[in-house]
Amino acid sequence: MTDRAAHDLTPPIRIPAGLVVLVGPPASGRTSFVRALVEGRQVDVEAVVSSDGIRAELFGAVAEPAGSDAADAVDARIFEERDRRIVARLAAGLSVIAESTNVIPQARERLIGLARRFDVPVTVLRFAPDVADLLQQYAERGRADLTAADVRAYATVMSRDAGADRLRSEGRPPSTMCRGAASRSRPPKPPHASSSGSETGGAATT
């Protein structure tokens, strides 16, 4: 049996309905996870709305100095386009995966607000390798747009503002998707019953 034929027999992963919010710092495995889903034809490429992908699509590899007015304008344009794409899918009754860091509460609330407009459930998938694994993955990928200090800073914010207890307090009981170096080689499968809609009665109630 060829690899392609064997792959065709693999049962599809069931992505939860509504909005799926990925939470994790850079180099935590979020992008690898959704890439594996797309390459395995388990989700449509259009189902993944990635802020990094939109940045590359609209602005290429050009990076404005962090904190500058130009950088703020670029970020605003990227997230405006991200929201537009998410809304378009939710309005059509389609599931969508929001692939960005989402480590601060304001970022998650912005996404949850979009889900509320369509009364759809929100599922949070939390990617939580330790700092050593993050730095190793960062070094292996050779990203020029981040420094090791940036990765550590994201990890600190993640620990403070996107821990499992914090997400539960927001009404979003998370599923932890990545923990430790083993997760790099094989992204885990999302659980079938992780939607916070089943816990809270749907995104519109929170």
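Here the structure is a predicted model, which is why all the values come from computation and not from measurement.
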Is the shortest heavy-atom distance from the side chain of V49 to the side chain of E99 under 4.5 Å?
no
Hey, are E170 and R108 close enough for a salt bridge, meaning a charged N less than 4.0 Å from a carboxylate O?
yes
Tell me, with the steps shown, if S100 and N102 meet side chain to side chain donor-acceptor pair (under 3.5 Å).
CA-CA 6 Å; S100 46; N102 300 313; 3.2 Å; yes
Give the minimum heavy-atom separation between A98 and L19, together with the two atoms involved.
CB-CD1, 4.2 Å
Calculate, to the nearest 0.5 Å, the distance between atoms CZ and CD1 belonging to F59 and I54 respectively.
10.5 Å
Sorted by first residue and then second, give each salt bridge (Lys or Arg N to Asp or Glu O under 4.0 Å) pair with at least one member in residues 149-162; sequence neighbours left out.
D161-R166
Specify the closest pair of heavy atoms between P25 and M158, including all atoms of both residues, with the distance to one decimal.
CD-SD, 3.8 Å
Sequence-distant partners of E81, side chain to side chain donor-acceptor pair (under 3.5 Å), two or more places apart
R84, R85
What is the minimum heavy-atom distance between R141 and A27, and which atoms define it?
NH1-CA, 3.3 Å
Testing the basics here: between L134 and P129, what is the closest heavy-atom pair and its distance to 0.1 Å?
CD2-CG, 4.1 Å
List the residues meeting side chain to side chain donor-acceptor pair (under 3.5 Å) with D83, not counting sequence neighbours, and say none if there are none.
R110
If you apply the rule side chain to side chain contact (heavy atoms under 4.5 Å, CB included), what do you find for L22 with I97, and how did you get there?
CA-CA 7 Å; L22 307 189; I97 301 172; 3.8 Å; yes
R30 and T101: which non-hydrogen atoms are nearest, and at how many Å?
NH2-CG2, 3.6 Å
Can you see which heavy atom on L90 is nearest to which on L114, and at what distance?
CD1-O, 4.1 Å
